[in-house]
Novice: 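Submitted below is the structure of interest, expressed as structure tokens.
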There are 2 protein chains.
Amino acid sequence: MTSTEPTGMRPTRQRRAVVDAMESFADFRSAQEIHELLGERGEQVGLATVYRTLQRLAEAGEVDVLRTEDGEAVYRRCSESHHHHLVCRSCGATVEVEGPAVERWTRSIAAEHGYADVSHALEIFGTCPRCS
Amino acid sequence: MTSTEPTGMRPTRQRRAVVDAMESFADFRSAQEIHELLGERGEQVGLATVYRTLQRLAEAGEVDVLRTEDGEAVYRRCSESHHHHLVCRSCGATVEVEGPAVERWTRSIAAEHGYADVSHALEIFGTCPRCS
DNA sequence: GATCAAATGAGAATGGTTGTCAACTCGGAC
DNA sequence: GTCCGAGTTGACAACCATTCTCATTTGATC
């Protein structure tokens with residue numbers, strides 16, 4: 001559950017660099033931005049490697065992934081809380097929301113139908129106060 | 001709010017065809033799938049036009065857009081029918097589920113943040129009994 | 001040090017999506 | 001009905017995030 005947990009990944013210079021870079025910001029960044037950041041830090045890491053590493057980290061649950069409105073994947077070090085997004089249809093303004101009720105509900109629905117390893121995706125759309 | 005509302009779009013054959021096609025399914029489909037569906041229906045509509053039309057409809061709030069896990073945009077007619085899908089990660093088996101609790105929760109969360117015209121998309125993923 | 005699977009990087013390939021632009025259409029003016 | 005201009009279309013090129021390929025390098029183990 002912690003970030004020092006073994007993930008089955010070899011601790012190469014490149015992976016350490018990516019993990020380090022992830023610690024240096026708290027918002028969502030694209031793979032390309034992270035690659036650029038590494039360059040600025042003097043860490044030479046191939047773009048493909050950045051993509052691969054971020055993917056692995058995401059699979060291992062070490063980072064959160066999100067899709068921007070135009071389909072770009074953005075990453076952020078894993079905040080401890082699972083949450084959803086309330087997105088403005090018009091300007092894209094996003095609010096992170098939590099819902100224990102939803103978590104419980106999805107789990108019970110899945111169990112009811114015999115589904116295992118449950119996860120879910122929930123997005124709420126609306127028009128934000130500024131746009132309406 | 002209704003689908004007969006003027007959207008500032010000229011009612012061309014192609015747009016009518018896309019809107020019609022959107023009425024023929026209730027789940028999220030990609031632009032390419034919708035384009036293919038139009039072809040099967042004997043409606044000749046260019047792919048670019050399908051993309052443009054869906055974009056316009058989304059802007060006008062006539063359809064909901066969502067990004068799949070791999071960044072593809074998927075569209076669904078904006079409907080009041082509130083059911084969600086419990087999808088098997090392995091074989092794709094889908095169960096439709098309803099959740100008044102979720103409907104209520106999303107509405108209240110949105111209201112809390114001042115968001116209007118609320119809709120939402122929820123998919124639950126798991127491994128079905130047959131696959132686990 | 002020898003060995004081998006895992007990891008890397010450069011560049012090519014992929015594929016969804018958007019841009020381009022000449023041809024076409026719709027709706028209003030006449 | 002005809003004309004006109006702006007909106008729309010479609011074929012195809014361009015774009016660009018992401019993934020693939022594969023020869024080379026690296027880390028862990030013996």
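In what follows, every chain begins at residue 1, and chains take the letters A, B, ... in the order their sequences are listed.
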Novice: Rounded to whole Å, how long is the line connecting atom CG of B:L57 with atom P of D:dT8?
Specialist: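 Rounding to the nearest Å, CG of B:L57 and P of D:dT8 are 12 Å apart.
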Novice: Using atom CG of A:L54 as one end and atom P of C:dT8 as the other, report the distance to the nearest whole Å.
Specialist: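 Checked: the CG to P distance equals 12 Å.
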Novice: May I ask you to say what B:R52 touches in the nucleic acid, namely base, sugar-phosphate or nothing, with a heavy-atom cut-off under 4.0 Å?
Specialist: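 Counting heavy atoms under 4.0 Å across all strands, the contact made by B:R52 includes a base.
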Novice: Looking at the side chain of B:Q14, which of D:dA17, D:dT9, C:dG19 is the nearest nucleotide?
Specialist: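 The answer is D:dT9, which lies nearest to the side chain.
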Novice: Examine distances only and state if a side-chain atom of A:R13 and a backbone atom of A:Q44 form a donor-acceptor pair shorter than 3.5 Å.
Specialist: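 Checked: pair present.
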Novice: Do the ring planes of A:W105 and B:H84 sit parallel (below 30°), tilted (30 to 60°) or perpendicular (above 60°)?
Specialist: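 If you compare the ring of A:W105 with that of B:H84, the planes turn out perpendicular.
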Novice: NA contact type, B:Q32, heavy-atom cut-off 4.0 Å: base, sugar-phosphate, or nothing?
Specialist: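 Answer is base: heavy atoms of B:Q32 come under 4.0 Å of a base.
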Novice: In terms of side-chain heavy atoms of A:T49, which of C:dT17, D:dT18, C:dG9 is nearest?
Specialist: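 Per side-chain heavy atoms of A:T49, the pick is C:dG9.
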Novice: How long is the line joining CG of B:D70 and P of D:dC20, in whole Å?
Specialist: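 These atoms are roughly 11 Å apart.
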Novice: Between B:H35 (side chain only) and B:V45 (backbone N and O only), is there a donor and an acceptor less than 3.5 Å apart?
Specialist: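 Yes: the side chain of B:H35 pairs with the backbone of B:V45.
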Novice: Can you tell me the distance, in whole Å, between the CZ atom of A:R56 and the P atom of D:dT18?
Specialist: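 For the pair A:R56 CZ and D:dT18 P, the rounded distance is 18 Å.
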Novice: Are the side chain of A:R107 and the backbone N or O of A:V118 linked by a donor-acceptor pair below 3.5 Å?
Specialist: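 No; judged by distance alone, with no hydrogens or angles, the pair does not exist.
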Novice: Judged by atom type as modelled, is there a donor-acceptor pair below 3.5 Å linking the side chain of B:R76 to the main-chain atoms of B:D64?
Specialist: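 Judged by distance alone, no pair lies under 3.5 Å.
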Novice: Name the closest nucleotide to the A:Y51 side chain, picking from D:dG10, D:dT18, C:dT8.
Specialist: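 Nearest listed nucleotide: D:dT18.
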Novice: Rounded to whole angstrom units, what separation is found between the CZ atom of A:R29 and the C1' atom of D:dA17?
Specialist: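 In whole Å, D:dA17 C1' and A:R29 CZ are 18 Å from each other.
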Novice: Rounded to the Å, how far apart are A:L47 CG and D:dT21 P?
Specialist: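 My rounded result for the distance is 17 Å.
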Novice: Which whole-number value in Å describes the distance from A:H35 NE2 to D:dA17 P?
Specialist: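 One finds 13 Å between P of D:dA17 and NE2 of A:H35, rounded.
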Novice: At under 4.0 Å, does any side-chain N or O of B:R15 touch on OP1 or OP2 of D:dT9?
Specialist: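 True: B:R15 side-chain N/O within range (under 4.0 Å) of D:dT9 OP1/OP2.
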Novice: With respect to the side chain of B:R10, which nucleotide from C:dC26, D:dA17, C:dT18 is positioned closest?
Specialist: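 Nearest listed nucleotide: C:dC26.
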Novice: For a quick check of understanding: with a heavy-atom distance under 4.0 Å over all strands, which category does A:Q44 fall into, base, sugar-phosphate or nothing?
Specialist: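 Here A:Q44 touches the backbone only, sparing every base.
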Novice: Between A:T53 and B:G71, which is nearer to the 5' end of DNA chain C once each is assigned its nearest nucleotide?
Specialist: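 Looking at DNA chain C, the more 5' nearest nucleotide goes with A:T53.
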Novice: Which part of the nucleic acid, if any, lies within reach of B:Q55 when heavy atoms closer than 4.0 Å are counted: base, sugar-phosphate only, or nothing?
Specialist: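 The residue B:Q55 makes sugar-phosphate contact but no base contact.
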Novice: Does B:S30 put a side-chain nitrogen or oxygen below 4.0 Å from OP1 or OP2 of C:dG16?
Specialist: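 The answer is no; no side-chain N or O of B:S30 sits under 4.0 Å from OP1 or OP2.
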Novice: Roughly, in whole Å, what's the span from CD in B:E69 to P in C:dG16?
Specialist: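 Answer to the nearest Å: 16 Å.
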Novice: Hey, does the side chain of A:R16 come within less than 4.0 Å of D:dT26's phosphate (OP1/OP2), counting only N and O?
Specialist: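 No, no such contact exists.
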